[in-house]
Amino acid sequence: MIVILDPEVDVNSDAGKQVLNFLNSREGITPRVHTVAGTQQTLTEIYLVGNTASLNQSEIENMTGVERVVRVSKSYAVLGRHANDSRSYGFDYNGVRFDQDSLQVFAGLCAVDTPENVDHMMKAVSQRGLSCTRMGAYKPRTSPYSFQGLEANCLPWVFESAGKHGIKVVAMEITHDSHVDEILETLEQTGHPTGVMLQIGTRNTQNFELLKVVGRQTQLPVLIKRGFGITLEESLNAAEYMASEGNRNIIFCLRGMKTNMGDPHRNFVDFSHVPVVKRLTLMPVCIDPSHSVGTRAGCPEGILDVFHATSQGIIAGANMVLVDFHPEPTKALVDGPQALLMSELDHFLEDIEISRQAYLQRKALKQKYTD
Ligand code: PEP
Ligand code: MN
């Protein structure tokens with residue numbers, strides 16, 4: 001059960017304290033307070049864990065300072081979209097909006113290699129009016145003998161280059177809790193030239209201890225990838241692990257599933273699940289066409305499969321695209337074969353715009369037939 005306080009009421013006000021004391025006095029009930037900072041107002045939500053069936057919903061709803069009470073109908077209490085739950089949820093991070101209506105493109109390097117390539121990439125996206133990119137510093141590799149990423153060493157020059165080109169958010173995968181500290185320390189030391197969205201990769205989707213650490217910090221938002229060999233419900237529960245610890249600024253990323261039936265793609269593209277995740281949860285949904293398709297193969301009409309898959313996700317309402325580019329893919333240290341070329345960036349962005357407009361038209365069409 002979620003008790004939502006009136007917008008102007010916080011838990012330290014008289015009304016807020018009264019509600020919290022009342023909930024604390026119920027046997028077998030543990031209240032957890034979450035503050036949701038929106039663009040217009042800050043909302044306080046109290047999540048009740050335990051035997052909530054024993055609670056009288058209208059008694060709580062009638063208390064001063066309570067706006068409404070939502071019965072939790074899903075196992076993901078914080079992130080789930082519950083029955084009669086019309087809440088919308090989103091967040092601004094470093095001036096960039098993330099919610100189920102917006103669209104942000106994160107084109108960048110799968111793995112950071114040289115300062116020249118990082119700068120080239122940052123400059124290219126910024127010249128196209130984009131304010132986000134992806135940069136892998138910590139790379140979880142299948143083979144222990146493969147390049148593992150430049151790790152903390154590259155963070156200062158990556159962040160400085162981002163700042164120089166006005167990049168506001170860099171998506172960066174982490175594989176260990178110490179990486180969160182390294183990123184926060186480097187941001188501090190370099191004077192916060194940019195922001196970082198932590199990325200939990202598909203191999204760590206169920207690394208619960210890592211999820212808890214990332215969920216306990218609220219300075220950086222998190223992108224969590226769907227686990228490539230587990231159910232969607234299990235992956236959504238993984239996101240809930242973080243939210244239950246306090247960080248709700250979470251984006252859920254579809255990146256394909258591991259199955260031979262996906263051949264000849266690297267993974268079975270699952271972007272038809274964009275609307276499913278938006279229906280089940282409040283999270284913005286990202287698609288990663290690079291890691292799901294995994295090749296530069298194209299169709300006889302000349303359009304690459306990566307472009308086609310991107311279009312499929314966007315026309316279904318995706319809110320973020322995470323995509324690999326590289327100035328010289330043949331020299332990339334990780335995932336070169338799937339990287340798009342810098343000369344394809346304009347084409348890719350224009351193609352996205354066509355699909356985005358089509359999605360918005362489809363939404364308007366639905367409205368027309370609903371009125
Ligand atoms: C990545 O985005 O660089 C990555 C390793 O992706 P995934 O976790 O989806 O394999
Ligand atoms: Mn990769």
Side-chain angles (χ1 to χ4, degrees), residues 104-113 117-118 121 125 132-144 146-151 154-155 158 169-176 179 183 196-207 210-211 214 221-230 232 234-236 238-239 242 250-259 262 265-271 273-274 277 283 285-296 305-306 309-310 313 318 320-341:
Q104 306 296 346
V105 178
F106 284 59
L109 303 182
C110 176
V112 171
D113 43 23
N117 285 337
V118 167
M121 194 68 235
V125 293
C132 304
T133 187
R134 58 158 294 151
M135 289 286 153
Y138 308 95
K139 299 304 300 178
R141 305 304 304 283
T142 305
S143 163
S146 303
F147 171 65
Q148 305 285 313
L150 294 180
E151 306 185 321
C154 69
L155 299 182
V158 170
V169 189
V170 179
M172 183 171 278
E173 179 167 359
I174 51 146
T175 57
H176 191 272
H179 301 160
I183 289 170
V196 172
M197 175 180 285
L198 300 176
Q199 185 178 319
I200 302 287
T202 197
R203 291 158 188 81
N204 274 311
T205 306
Q206 284 190 312
N207 183 342
L210 182 62
L211 297 177
V214 168
V222 189
L223 177 89
I224 180 166
K225 298 258 190 125
R226 177 186 194 159
F228 54 25
I230 56 177
L232 180 63
E234 285 163 335
S235 291
L236 296 177
M242 299 188 287
I250 302 173
I251 294 170
F252 190 80
C253 182
L254 298 170
R255 50 82 68 214
M257 304 298 293
K258 223 176 185 35
T259 155
H265 289 164
R266 187 172 171 186
N267 289 284
F268 199 90
V269 182
D270 55 352
F271 298 168
H273 288 180
V274 168
V277 178
M283 287 184 282
V285 182
C286 175
I287 52 167
D288 179 342
S290 304
H291 289 83
S292 42
V293 171
T295 88
R296 285 186 47 82
D305 292 10
V306 171
T310 305
M320 177 173 155
V321 182
L322 192 71
V323 59
D324 291 1
F325 272 79
H326 198 283
E328 278 184 287
T330 51
K331 293 198 182 146
L333 298 176
V334 184
D335 286 348
Q338 71 193 22
L340 297 177
L341 313 175

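Ligands are counted one by one from 1 in listed order, and the atoms in each one are counted from 1 as well. Only heavy atoms go into these numbers, but all of them, side chains included; no hydrogens, no water, no symmetry mates.
For the Mn ion (ligand 2), the nearest N, O or S atom contributed by D335 is named OD2.
Across the listed options E173, R134, R266, R134 owns the non-hydrogen atom lying nearest to atom 3 (O) of ligand 1. Proximity annotation for atom 10 (O) of ligand 1: of Q199, H291, R255, R255 comes nearest, heavy atoms only.
Side-chain atoms of D324 never come within 3.5 Å of backbone atoms of H291 as a donor-acceptor pair (strictly under, hydrogens ignored). Looking only at distances, a side-chain donor or acceptor of R296 sits under 3.5 Å from a matching main-chain atom of A339. Listed for the R255 side chain is no donor-acceptor partner under 3.5 Å among the backbone atoms of F228.
Near G201, meaning under 4.0 Å from any of its heavy atoms, are these atoms of ligand 1: 8 (O). Every atom of ligand 1 is numbered from 1 in the order shown, and the set under 4.0 Å from a heavy atom of C110 is 3 (O).
A side-chain N or O of R266 and one of Q338 form a donor-acceptor pair less than 3.5 Å apart. H265 and D305 share a side-chain donor-acceptor pair at under 3.5 Å. A donor-acceptor pair shorter than 3.5 Å cannot be found between the side chains of D335 and H326.
Here the protein heavy atom with the shortest distance to atom 8 (O) of ligand 1 is T202 N, 2.8 Å. The protein atom (non-hydrogen) at minimum distance from atom 6 (O) of ligand 1 is K225 NZ, 2.8 Å.
Among the backbone and side-chain atoms of D324, no N/O/S atom is found under 2.8 Å from the Mn ion (ligand 2).
Partner R226 forms a side chain to side chain donor-acceptor pair (under 3.5 Å) with one of D270, T205, T202 and no other, that one being D270.
Vertex the Mn ion (ligand 2); arms to C110 SG and H291 NE2; angle rounded to 10 degrees, 130°.
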